[in-house]
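Atom set for the values below is all heavy atoms of this structure, side chains included, hydrogens, waters and symmetry mates excluded. Here is the naming used below: chain letters follow the sequence lines, and residue numbers restart at 1 for every chain. Since the structure is predicted, the reported quantities are computational estimates derived from the model, not experimental observations.
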Protein chains: 2
Amino acid sequence: MELIYHNKTKSHYSRTEQMDTLSFTPHDHSACIADAVRTAEQTCRESGLRLTAQRKRVLEILLSGHRAMGAYDILDILKEEGQTAQPPIAYRALDFLVQHGFAHKVERLNAFIACAHPGEDHAPAFLICSDCRRVAETPSAPARALLAEAAAEAGFRIDTAVIEAVGQCPDCAEPAA
Amino acid sequence: MELIYHNKTKSHYSRTEQMDTLSFTPHDHSACIADAVRTAEQTCRESGLRLTAQRKRVLEILLSGHRAMGAYDILDILKEEGQTAQPPIAYRALDFLVQHGFAHKVERLNAFIACAHPGEDHAPAFLICSDCRRVAETPSAPARALLAEAAAEAGFRIDTAVIEAVGQCPDCAEPAA
DNA sequence: GCTCCGACTGTTATAATATAACTTGGAGGC
DNA sequence: GCCTCCAAGTTATATTATAACAGTCGGAGC
Ligand SMILES: [Zn+2]
Ligand SMILES: [Zn+2]
Ligand SMILES: [Zn+2]
Ligand SMILES: [Zn+2]
């Protein structure tokens, strides 16, 4: 399979803006997990936050695949690991992770994913594959700028914006060959 | 496609694209309701759809304010009107209205609004006022185009996209003067 | 008119997602 | 040691959504 997506027109996305959508790209995933955990640990150390065992474990669970997971999916895993695990356990850990940028909530799915670019201060759009449930982050600054423009014309001041696309990822879009 | 999104002065939104965000604009709201109901009736007549009494009543309830309402908010109103009204009553009517473009689901709120531009074949972005809970539709075609471009670079084909902004509407943004 | 069919409605039950409220525990500062 | 604070544990409940099946109604065709 040889797909080339850059051949048509000039990109609006500069090199430095290129946030690779690695969920859909083969990569060393155990390194990917280790990196994310290390980044979270370091960020917390620097900011005086407490990445407790529970929070770290929930982050690791989210990181195990680049898929959105419901709070109760996470709870089930914690239970299998021997915890008693009532809902607030999962929701509190998720709140912490989302609050501090280590995870995101996918509104369309009422579910959560580990952030693929922790520490980068980004406001991603999500690409949600309806076939395999994988979710990737993609840059959204240009789209957000246009949205802000449209909002401004209505006198509306945007605090946050949710941008989530549903469709087929590269793997699932291939004809069933 | 030639878009320059850093240009402050020139609008990317043509006159004909101007979907006035009337939720935030004073207007003859009873005419607004009547128009929407009439449009729905006509569209259904033309398309062989059945705008039953339940569906019409739910549409009217949604139209009563330019706010997002939960399915159970609607159920409560139906109950006050003497119906027995179990959840599927509301969800079925909402499914129909959303399916055929007479209403939208606001993912961020898990709630529904009447479409402000029925029959226009549009894919709006929503502007959600966090203070007064009013919701307006605004054009999103330019932002969607950029999102599609970013997705294409990842080999992702978009079927649908949710674009929802939370912030302050013109009325609520005014300093408490 | 009658019948059949398909779509809508009524009803019961339950699933899935999320939070409130209060108690217990534990690390660190003083 | 003791206090404070925040996290974790626990119970209960709120909110959002769907499954499943039984009744009803209206129009198409005969
Ligand atoms: Zn990975
Ligand atoms: Zn996929
Ligand atoms: Zn109106
Ligand atoms: Zn407002």
Side-chain angles (χ1 to χ4, degrees), chain A residues 40-41 44-45 47-62 67-79 81-100 102-113 128 133 135 162 164, chain B residues 40-41 44-59 61-62 67-79 81-100 102-113 128 133 135 162 164:
Chain A
E41 284 171 337
C44 286
R45 211 177 308 119
S47 309
L49 303 171
R50 293 167 61 185
L51 188 66
T52 62
Q54 296 254 33
R55 291 166 175 175
K56 184 173 167 184
R57 185 69 198 111
V58 170
L59 175 59
E60 287 168 351
I61 290 169
L62 284 179
R67 287 177 167 76
M69 301 184 72
Y72 284 77
D73 296 332
I74 291 166
L75 267 182
D76 287 344
I77 292 173
L78 292 177
K79 282 177 187 165
E81 294 176 353
Q83 312 226 11
T84 48
Q86 296 310 117
I89 297 295
Y91 280 103
R92 290 201 279 239
L94 288 167
D95 283 350
F96 174 87
L97 295 172
V98 169
Q99 184 79 34
H100 297 101
F102 306 127
H104 303 288
K105 178 166 190 183
V106 182
E107 297 291 342
R108 178 66 186 254
L109 301 175
N110 291 320
F112 303 83
I113 56 169
I128 305 164
R133 203 181 156 106
V135 177
V162 170
E164 298 176 352
Chain B
E41 283 172 338
C44 287
R45 212 177 307 121
E46 289 168 2
S47 310
L49 303 171
R50 292 169 57 186
L51 188 66
T52 62
Q54 296 252 34
R55 292 166 174 175
K56 183 172 165 183
R57 184 69 198 111
V58 170
L59 176 58
I61 289 169
L62 283 179
R67 287 176 168 76
M69 301 183 73
Y72 284 78
D73 296 331
I74 291 165
L75 267 183
D76 288 344
I77 292 173
L78 291 177
K79 281 178 187 164
E81 294 176 353
Q83 314 226 9
T84 48
Q86 295 310 118
I89 298 295
Y91 280 103
R92 285 173 187 151
L94 288 167
D95 284 350
F96 173 88
L97 296 172
V98 169
Q99 184 79 34
H100 298 101
F102 306 126
H104 303 289
K105 178 165 189 184
V106 183
E107 296 291 341
R108 178 65 186 253
L109 302 175
N110 291 319
F112 302 83
I113 55 168
I128 304 163
R133 201 180 159 105
V135 177
V162 170
E164 299 177 351

Tightest non-hydrogen contact, residues A/Leu59 and A/Ala40, listed as CD2-CB, 3.7 Å
Taken to the nearest whole Å, CG/A/Leu94 to C1'/C/dT17 is 12 Å
Of the candidates C/dT19, D/dA17, D/dT10, the side chain of A/Ile89 sits closest to D/dT10
Taking every heavy atom of B/Leu49 against every heavy atom of B/Phe96, the minimum-distance pair comes out as CB-CZ, 4.1 Å
pair B/Arg55-B/Leu51: side-chain heavy atoms closer than 4.5 Å
yes
B/Lys56 atom NZ is separated from C/dC8 atom P, nearest whole Å, by 17 Å
Between CZ of A/Arg57 and C1' of D/dA7 the distance, given in whole Å, is 19 Å
Heavy atoms of B/Leu62 and B/Ala103 approach each other most closely as CD1-CB, 3.8 Å
Between CD of B/Gln83 and P of C/dT9 the distance, given in whole Å, is 10 Å
Ignoring backbone atoms, test whether B/Lys105 places a side-chain nitrogen or oxygen under 4.0 Å from the OP1 or OP2 oxygen of D/dA17. yes
Nearest-nucleotide check on DNA chain C, B/Gln86 vs B/Ala53; residue mapping nearer the 5' end is B/Ala53
- prompt: For B/Glu107, does its backbone N or O pair with a side-chain atom of B/Glu164 as donor and acceptor, under 3.5 Å?
  reply: yes
Axis-to-axis angle across the helix from C/dG1-D/dC30 to C/dC30-D/dG1, five pairs each end, nearest 10 degrees, ~ 20°
Between NE2 of B/His100 and P of C/dA7 the distance, given in whole Å, is 12 Å
Testing D/dT16, C/dT19, C/dG10 for proximity to the side chain of A/Pro87, the answer is C/dT19
Sorted by position of nearest nucleotide on DNA chain C, 5' first, the leading residue of A/Gly70 and B/Thr84 is B/Thr84
Whole-Å distance, B/Asp76 CG to D/dT16 C1', equals 13 Å
Checklist entry - Between B/Tyr91 and B/Tyr72, how do the two ring planes meet: parallel, tilted or perpendicular, split at 30° and 60°? => result perpendicular
Check your understanding: Just to confirm, is there a sub-4.0 Å distance from OP1 or OP2 of D/dA17 to any side-chain nitrogen or oxygen of B/Asn110?
Key -> yes
For nucleotides 20-25 of chain D, which of its nitrogen or oxygen atoms have a protein nitrogen or oxygen under 3.5 Å away, and what is each distance?
| residue | atom | partner | partner atom | Å |
| --- | --- | --- | --- | --- |
| D/dA20 | N6 | B/Arg92 | NH2 | 3.2 |

I want to check one thing: is the phosphate of C/dT19, taken as OP1 and OP2, less than 4.0 Å away from some side-chain N or O of A/Tyr91?
no
Applying salt bridge (charged side-chain N to carboxylate O under 4.0 Å, His left out) to A/Lys56 and not counting sequence neighbours gives A/Glu41
Closest non-hydrogen atoms of B/Arg57 and B/Leu78, given as atom of the first, atom of the second and distance, are CG-CD2, 4.0 Å
Atom CD of B/Gln99 and atom C1' of C/dA7 are separated, to the nearest Å, by 15 Å
Taking C/dT17, D/dA17, D/dA7 as options, the one with an atom nearest any side-chain atom of A/Thr52 is D/dA7
Residues B/Lys105 and B/Val98: closest non-hydrogen pair is N-CG2, 4.2 Å
Atom CD of B/Gln54 and atom P of C/dA7 are separated, to the nearest Å, by 18 Å
Check your understanding: Can a donor-acceptor pair under 3.5 Å be found between the side-chain atoms of B/Tyr72 and the base atoms of D/dA14?
Key -> no
Closest heavy-atom pair, B/Leu75 versus B/Gln86, reported as atoms and distance to 0.1 Å, is CD2-O, 3.4 Å
